[in-house]
2 protein chains.
Amino acid sequence: MTPRTPAPRSRRERPAKPALTHGTIVASAVRLMAAEGLQRVTMRRLAQELDTGPASLYVYVAGTAELHAAILEELLGAVDLSPATAEGDWRDRLAQVLLSYTGVLFDHPGLAQSALVTRPSGPHYLALVESILALLHEGEVPDGQAAWGVDVLLQVATATAAEQSVREGAPDAEDDHDALVEALGQASARTHPRIAALGADLFSGTPQQRLAWIFRAVVNGTATTPR
Amino acid sequence: MTPRTPAPRSRRERPAKPALTHGTIVASAVRLMAAEGLQRVTMRRLAQELDTGPASLYVYVAGTAELHAAILEELLGAVDLSPATAEGDWRDRLAQVLLSYTGVLFDHPGLAQSALVTRPSGPHYLALVESILALLHEGEVPDGQAAWGVDVLLQVATATAAEQSVREGAPDAEDDHDALVEALGQASARTHPRIAALGADLFSGTPQQRLAWIFRAVVNGTATTPR
DNA sequence: ACCTGAACACCGTTCAAGT
DNA sequence: ACCTGAACACCGTTCAAGT
């Protein structure tokens, strides 16, 4: 029989197994998400990808929630913050930044949902917050209102993306929305006069149109509502 | 040996096993959630509770998402809509309705999160939407703005509850928030002048104070922002 | 025709036991 | 001291095979 001495194979093999660090784990998670979607980015699947056991990952990552937050922080590097320092109406530029942010979330169904609950706190997220605050400052929104308003703006942007993403991602969330449209359509004028009066207008507009209006409305509210 | 003839036991035994219908399943799910929390309301655990196999539940419930939506719809019966038809400032009464809604969600960590993605469409939800629309109408908010605004108001209320709930429910989501506070506190005045300028004010106020301001701000924005 | 046991294909997280 | 195999305790969903 051939000797079972494990032939001293070169340290790095075909997929060039990287050393485990927080950084390499997150980088691998981002690649995995791009390839298979967030739903496949689990501690176990990722461990498999990194050619190790799931327990090893817990040395560097606290758990699934932290992992997803780290992925989002990474992706936030793609948000275009340049409008914050450009020329033109500050409200338009604020909307541009927020739309760029929602754009990133739209591309990654599910990530927005986790972002509502586990917020990132890395440099890209800080830069986004700073840009929004700078634009509100430029618009002479009082500091106290800006401090609370930035939260609402990011929340509304994130929640809208979460809603849209999942509607796209999940096959039957569509039915779910249809059920609501149906239910609102059926509402009788006697029991639900306002729903009946508004009718189809409750669902009018493209997501883009609604999002643009929402941002304007929340910015206006922030600017004009004293604490 | 005693004959193994299965003694014809009375049809209904101790826990009075109910017939399986959508109604009995949802009722049982609500009880289970009250007893063990939403995280335990799974198709399998619920089937166990109902003394059957999970496959049987799929005859009456489309899946986990629909199940959670049905639970929420049930709980929405507890929302106090009476301010909608009471005396007084319409903005205050609208805030009362929204606070009652968030109250229900606050009591049930996790349900708010699922509500952001799978909206209920039952009678209790319709009644809530109708009440909000009626108050906006009373406040002479233009129809088109009210139609889109009701969505934003519910979204903001739900997202805020989701955020808070999870912070309470999950043990380490707290750290997560602390990490953000820490990160924002560390931000240098040179690289992040606005974050540095606002400082602790970014996190000031009780959740109640913030929520009250948020509702006023979004209502104001809705009332004053043309489409 | 209706219902469901059993299976398929996964999860997150922990810790005792190794190197 | 560090790392991880293996286990614990679960998931959602489907479908072939029974009654």
Side-chain angles (χ1 to χ4, degrees), chain A residues 4-6 8 11 17-26 28-29 32-33 35-71 109-110 113-114 117-118 166 169-173 175-176, chain B residues 5-6 8 11 17-26 28-29 32-33 35-71 109-111 113-114 117-118 166 169-173 175-176:
Chain A
R4 291 184 64 257
T5 321
R11 193 72 175 69
K17 189 176 173 178
L20 282 189
T21 67
H22 183 88
T24 55
I25 290 171
V26 173
S28 186
L32 183 56
M33 185 184 65
E36 308 188 8
L38 185 71
Q39 71 277 171
R40 294 272 178 250
V41 184
T42 63
M43 295 298 277
R44 291 181 93 106
R45 180 72 184 79
L46 187 56
Q48 185 186 315
E49 204 70 6
L50 289 164
D51 214 355
T52 182
S56 307
L57 265 42
Y58 282 84
V59 178
Y60 308 98
V61 176
T64 310
E66 201 209 82
L67 179 64
H68 288 185
I71 292 173
Q113 212 188 335
S114 89
V117 150
T118 305
V166 174
D172 48 82
D175 309 348
D176 180 71
Chain B
T5 321
R11 196 69 175 67
K17 188 177 172 177
L20 281 188
T21 67
H22 183 88
T24 57
I25 289 171
V26 173
S28 185
L32 182 57
M33 186 185 64
E36 309 188 6
L38 185 71
Q39 70 276 173
R40 294 274 177 247
V41 185
T42 64
M43 295 298 276
R44 290 181 94 105
R45 179 73 183 77
L46 187 56
Q48 187 185 315
E49 203 71 6
L50 289 165
D51 215 355
T52 184
S56 306
L57 265 42
Y58 282 84
V59 178
Y60 307 98
V61 176
T64 310
E66 201 209 82
L67 179 63
H68 288 185
I71 292 173
L111 209 50
Q113 212 189 335
S114 91
V117 150
T118 305
V166 175
D172 47 81
D175 309 347
D176 180 71

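Chain letters run A, B, ... following the sequence lines, proteins first and then strands; every chain starts at 1. We use all heavy atoms of the structure for the numbers below, so side chains are in, but hydrogens, waters and symmetry mates are not.
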Item to complete: Return the value, rounded to whole Å, for the distance between atom CD of A:Glu36 and atom P of C:dC11.
Response: 10 Å

Worksheet entry | Shortest side-chain distance from A:Pro54, nucleotide among C:dT13, D:dC11, C:dG5 | C:dT13

Discussion item. Could you tell me how far apart B:Asp51 (CG) and C:dT4 (P) are, to the nearest whole angstrom?
Written reply: 11 Å

Worksheet entry | D:dT13 phosphate, OP1 or OP2, under 4.0 Å from B:Thr64 side-chain N/O | yes

Discussion item. In this structure, how many angstroms lie between the P atom of C:dT13 and the CG atom of A:Leu46, rounded?
Written reply: 13 Å

Worksheet, complete the sentence: B:Arg44 atom CZ is separated from C:dC11 atom P, nearest whole Å, by 15 Å

Worksheet item: Between D:dA9 atom P and A:Met43 atom CE, what is the distance in whole Å?
Response: 21 Å

Item to complete: From the options D:dT4, C:dT4, D:dT14, select the nucleotide whose nearest atom is closest to the side chain of B:Thr52.
Response: C:dT4

Discussion item. Checking contacts here: which listed nucleotide (D:dC3, D:dT14, D:dC11) is nearest the side-chain heavy atoms of B:Tyr58?
Written reply: D:dT14

Worksheet item: Has A:Ser56 got a side-chain N or O lying under 4.0 Å from the OP1 or OP2 atom of D:dC3?
Response: no

Response to the item:
Whole-Å distance, A:Tyr60 OH to D:dC2 P, equals 10 Å

Discussion item. Under the criterion side-chain contact (heavy atoms from CB on, under 4.5 Å), I'd like the reasoning laid out for B:Arg40 against B:Glu49: C-alpha separation, chi angles, the key distance, then a yes or no.
Written reply: CA-CA 11 Å; B:Arg40 294 274 177 247; B:Glu49 203 71 6; over 6 Å; no

Fill in: 4.5 Å side-chain heavy-atom contact, B:Leu50 and B:Leu57
yes

Worksheet entry | Atom pair distance, as rounded to whole Å: CZ in B:Arg40 and P in C:dC11 | 20 Å

Discussion item. How close do A:Gly110 and A:Leu38 get, counting heavy atoms only, and between which atoms?
Written reply: C-CD2, 3.5 Å

Item to complete: To the nearest Å, give me how far apart CD (B:Gln48) and P (C:dG5) are.
Response: 13 Å

